[in-house]
Novice: 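Below are the structure tokens for one structure; questions will follow.
Just so it is clear, the structure is predicted and the values come from calculations on it, not from any experiment.
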Amino acid sequence: MNSKSRHKITLIFVDLTCFLVSSLLMLGYYPSEVTKLSTTERITHALLILFLVSVCRFLFHIYSNVWRYAQASEYFQLVISDLIAGIAYLLLSNVLPTHITFLRSVALISVATLATLSARFLYQILRGYLRQKETAEQTGIEKLNIAIVGAGAVGSLLITELINDRKKKYHPVCFIDSDPLKIGSLIKGVRVIPISADLNEMITKYQIQQFIIALPDLPPEQKKEIYEKYSVTDCPVKMYDYPLLEDGLSEHKLTLRDVHIEDLLFRNTHTVNSPEAKEFYRNKKILITGGGGSIGSELCRQIAKLQPKQLVIIDIYENNAYDIQQELIRTYGLKLNLAVEIASVRDENKMDELFAIYRPEIVFHAAAHKHVPFMEQSCSEAVKNNVFGTYVLANLAEKYAVQKFILISTDKAVNPTNIMGASKRMCEKIIQSRKDSKTDFVAVRFGNVLGSNGSVIPLFKKQIESGGPVTITDNRIIRYFMTIPEASQLVLQTGAMAAKSEIYVLDMGNPVRILDLAENLIRLSGLKPYEDIKIVEIGLRPGEKLYEELLMRKKDLNKTENELIFIERDEPITRAILEEKLAILAKALEEGGNATIRSAMMQVVSTYHNADEVNFSAAEAPEMSEMD
């Protein structure tokens, strides 16, 4: 018999003993005007109660609960079970040769239930104490004095988790809260102190060794404020997540974690859970170019969950393609019809061959050169891969009657100041020129994604690990950020709802100052900015813009049914005009040279301007003024 079974049997035995003893005692007391029951009659009534209570408790799965974690809902369930047993007893006792009055029956059941509840409480307290003592003796764990920021429901739940935690590593010494009604009061024996209290005095008085933020629903701006307040101390700062299930209960897992950079962005992350979107991709043949990249691989993960008929991954970089292939095979095995092809979107013959083999119904085009400095040095590669690669795929999508073609675009396509951004703007124009097509062509535009290959956050982390300095191009530079899973889910949502030749823009929240990002990453590493790790300004790179925009013109915007997705109203171009623009770029490629290609790009993308000119007047941009 395992430990779990022994504990359950012991608990049942204690409960029933308490019930039986209290029943016999109650049955022994009657006023003088009522004939007392004989010993046999008392035992008969007691056994009847015991039987009915046992049946009801098993029917209500009382002994399936983990009682060392029991809360109000479990105890209420027990009371209801015993109440039903009491009603059954009242009805059945009347058919016995001797029965007792209604009031005496109620009193009998009440006292018996109270006895078993008391036993449960005592069990919970003693078991917690014994486990705490046993663990401390075995492991010699040194407790950490923690201050819990947030004396609300989640903070109270954290205290409960800590009480029930077998390791007993954390010792709560105080709550910190701004609610005047809570300040000075006790929550499970822990004092609530005001958030305005002097930080150094608070640490000294309570010997605080760690702060835990228990405010999961706090707006990001306030969460960042709180983190920065306590991260300046030598005490580590952690977050408490309390995963609630659909019924409002928790999985009872203590989930203290480090603060992530996502917690400090000025936006709430969102999870898309649209039944319509899920149904749209189910049982479809879906092809993803650039499927090994940051966005492409996450699209693969999300789509694989939706039971596609087939998922085809195309990537020029075999290592990335291999990684996502193996991950999907480990997760789904033969349940997922998966194909991986190593090929370039610039190779028209190869792409034609692959489209003919797989006949995709939906295409996500995520393959692109995206690094601004590299593309400034190799303008021809940006044009060949981004522009003409998209053109090749768009033509094949029409040739093979693809239902929907979704282009992954970027905020750098809006009023671009570099070849990469301008090339993506041309990709959007290719999409816009296909309004008369039987295939639905759409573009999805969003900003930077956290942790993507070559992005600023992995670079900062490597610089911090090597001891610094952390390099930023300009102290004023700002960017929009979004998590990779969120961006991918919104792309899927957009793909399901999008109509012909439209540009969809994802709500990125407020822009983030890169300097703030660098400082927070240093603090998250347990170090102090400018003291442990230097931050050095190295100057803007060629084509780099101080700020990015998500829209060509903010007034030209339509809402969709999803509050995070918008449609930019932009005049589409005709196929004839597009062909003229592509001919200009093709000629520039033949002539060669970055200057020639850059000049041609400015000719075909009217919003493409020199970075120095744009940065000179950046202070007037609304994106920059919002940061002041």
Novice: Would you name the heavy atoms of I295 and A487 that are closest together and state the gap between them?
Specialist: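 Looking at all heavy atoms of both residues, the shortest contact is CD1-CB, 4.0 Å.
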
Novice: Report the residues that fulfil salt bridge (Lys or Arg N to Asp or Glu O under 4.0 Å) with K238, sequence neighbours left out, ordered by chain and then residue number.
Specialist: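 Salt bridge (Lys or Arg N to Asp or Glu O under 4.0 Å) list for K238, sorted by chain: D258.
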
Novice: Do side-chain atoms of S525 reach the backbone of L521 as a donor and acceptor pair under 3.5 angstrom?
Specialist: yes

Novice: For I478 and V512, what are the C-alpha separation, side-chain angles and deciding distance, and is it a side-chain contact (heavy atoms from CB on, under 4.5 Å)?
Specialist: CA-CA 5 Å; I478 61 173; V512 176; over 6 Å; no

Novice: My understanding is that only residues two or more places apart in sequence, or in another chain, count here; which of them pass ring pair (Phe, Tyr, Trp, His ring centres under 6.0 Å) with Y206?
Specialist: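 With neighbours one apart ignored, the set is empty.
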
Novice: My understanding is that only residues two or more places apart in sequence, or in another chain, count here; which of them pass salt bridge (Lys or Arg N to Asp or Glu O under 4.0 Å) with E327?
Specialist: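 Partners of E327 by the salt bridge (Lys or Arg N to Asp or Glu O under 4.0 Å) criterion, ordered by chain and then number, come out as R301.
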
Novice: Flag the pair E486 / L490 as yes when at least one side-chain heavy-atom distance between them is below 4.5 Å, and no otherwise.
Specialist: yes

Novice: Return each pair, listed once, that meets side chain to side chain donor-acceptor pair (under 3.5 Å) where at least one residue sits in residues 457-470; pairs must be two or more places apart or across chains.
Specialist: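 Listed by first then second residue: Q463-T471.
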
Novice: Evaluate the criterion side-chain contact (heavy atoms from CB on, under 4.5 Å) for residue pair N415 and K545; output intermediate values, then yes/no.
Specialist: CA-CA 10 Å; N415 299 321; K545 197 174 177 180; 3.9 Å; yes

Novice: With heavy-atom distances below 4.5 Å as the criterion, would you say the side chains of I535 and I522 are in contact?
Specialist: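 Answer yes - side chains close enough.
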
Novice: Is a donor on one side and an acceptor on the other found under 3.5 Å between the side chain of T410 and the backbone of K412?
Specialist: yes

Novice: Distance check, rounded to the nearest 0.5 Å: N418 atom CG versus R541 atom CZ?
Specialist: 9.5 Å

Novice: Going by the ring-ring contact (aromatic ring centres under 6.0 Å, His included) test, which pairs reach into residues 177-202, not counting sequence neighbours?
Specialist: none

Novice: When you compare the side chain of N520 with that of E228, does any pair of heavy atoms fall below 4.5 Å?
Specialist: yes

Novice: A side-chain contact here means heavy atoms from C-beta on lying under 4.5 Å apart; do I514 and R476 qualify?
Specialist: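 A side-chain contact is absent here, since even the closest heavy-atom pair is not under 4.5 Å.
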
Novice: Hey, are the side chains of I226 and I213 touching, using non-hydrogen atoms and a 4.5 Å cut-off?
Specialist: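 They are in side-chain contact.
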
Novice: Output all residues satisfying ring pair (Phe, Tyr, Trp, His ring centres under 6.0 Å) with Y530, sequence neighbours left out; order by chain, then residue number.
Specialist: none

Novice: Look up atom CD1 in I464 and atom CG in L527, then write down how far apart they are to the nearest 0.5 Å.
Specialist: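 Here the rounded value is 7.5 Å.
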
Novice: If every non-hydrogen atom of D177 is compared with every non-hydrogen atom of G152, which pair is closest and at what distance?
Specialist: OD2-N, 4.2 Å

Novice: What verdict does the side-chain contact (heavy atoms from CB on, under 4.5 Å) test give for L215 and V149, after you've listed the backbone C-alpha separation in whole Å, the side-chain angles of each residue and the deciding distance to 0.1 Å?
Specialist: CA-CA 7 Å; L215 298 164; V149 184; 4.2 Å; yes

Novice: Could you tell me whether the side chain of I176 reaches within less than 4.5 Å of the side chain of M202, counting heavy atoms only?
Specialist: yes

Novice: Are any non-hydrogen side-chain atoms of V154 and Y240 less than 4.5 angstrom apart?
Specialist: yes

Novice: For the atom pair OH (Y504) and OG (S409), what is the distance rounded to the nearest 0.5 Å?
Specialist: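 Rounded to the nearest 0.5 Å, the OH-OG separation comes to 14.5 Å.
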
Novice: Show me, pair by pair, the donor-acceptor contacts under 3.5 angstrom made by side chains of residues 188-200, not counting sequence neighbours?
Specialist:
from : atom 1 : to   : atom 2 : distance (Å)
K188 : NZ     : T160 : OG1    : 2.3
R191 : NH1    : G184 : O      : 2.5
D198 : OD2    : N200 : N      : 3.2
D198 : OD2    : E201 : N      : 2.9

Novice: Which residues pass the side-chain contact (heavy atoms from CB on, under 4.5 Å) test with L59, not counting sequence neighbours?
Specialist: V55

Novice: What's the spacing between I484 CD1 and S294 OG if we round to 0.5 Å?
Specialist: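 I484 atom CD1 to S294 atom OG measures 4.5 Å (nearest 0.5 Å).
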
Novice: Would you give the length of the straight line joining atom CG of L517 to atom CD1 of I472, rounded to the nearest 0.5 angstrom?
Specialist: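 It is 10.0 Å, given to the nearest 0.5 Å.
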
Novice: Within the side chain of N320, is there an N or O that forms a donor-acceptor pair under 3.5 Å with the backbone of G293?
Specialist: no

Novice: Within the distance-only criterion (no hydrogens, no angle test), does the side chain of E519 pair as donor or acceptor with the backbone N or O of P529 below 3.5 angstrom?
Specialist: no

Novice: Any donor-acceptor pair under 3.5 Å linking the side chain of N145 with the backbone of Q207?
Specialist: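 Flag set: sc N145 to bb Q207 pair under 3.5 Å.
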
Novice: Just to verify, what does E537 make a salt bridge (Lys or Arg N to Asp or Glu O under 4.0 Å) with, not counting sequence neighbours?
Specialist: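 E537 satisfies salt bridge (Lys or Arg N to Asp or Glu O under 4.0 Å) with no other residue.
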
Novice: Among residues at least two apart in sequence or on other chains, which ones pass salt bridge (Lys or Arg N to Asp or Glu O under 4.0 Å) with K528?
Specialist: D234

Novice: Do Q209 and C235 make a side-chain contact, defined as non-hydrogen atoms from C-beta onward lying under 4.5 Å apart?
Specialist: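 Side-chain contact under 4.5 Å: no.
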
Novice: So which heavy atom on V449 is nearest to which on T483, and how close?
Specialist: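 So the two residues come closest at CG1-O, 4.4 Å.
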
Novice: What heavy-atom pair brings E544 and T417 nearest, and what distance separates the two atoms?
Specialist: C-OG1, 4.3 Å

Novice: Can you name the one residue among Y230, Y170, Y227, F175 that meets ring pair (Phe, Tyr, Trp, His ring centres under 6.0 Å) with F211?
Specialist: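 Running ring pair (Phe, Tyr, Trp, His ring centres under 6.0 Å) over Y230, Y170, Y227, F175 with F211 returns exactly one hit, Y230.
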
Novice: Would you name the heavy atoms of G468 and I533 that are closest together and state the gap between them?
Specialist: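 So the two residues come closest at N-CD1, 3.9 Å.
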
Novice: Can you tell me how far apart CE (M239) and CD1 (I212) are? Round to the nearest 0.5 Å.
Specialist: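 M239 CE to I212 CD1: 11.0 Å, rounded to 0.5 Å.
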
Novice: Kindly give the heavy-atom pair with the smallest separation between I208 and A147, and that separation in Å.
Specialist: CD1-CB, 3.7 Å

Novice: Output all residues satisfying side-chain contact (heavy atoms from CB on, under 4.5 Å) with P469, sequence neighbours left out; order by chain, then residue number.
Specialist: K534, V536

Novice: Could you pull out all residues at least two apart from K305 that satisfy side-chain contact (heavy atoms from CB on, under 4.5 Å)?
Specialist: Q302, Y332

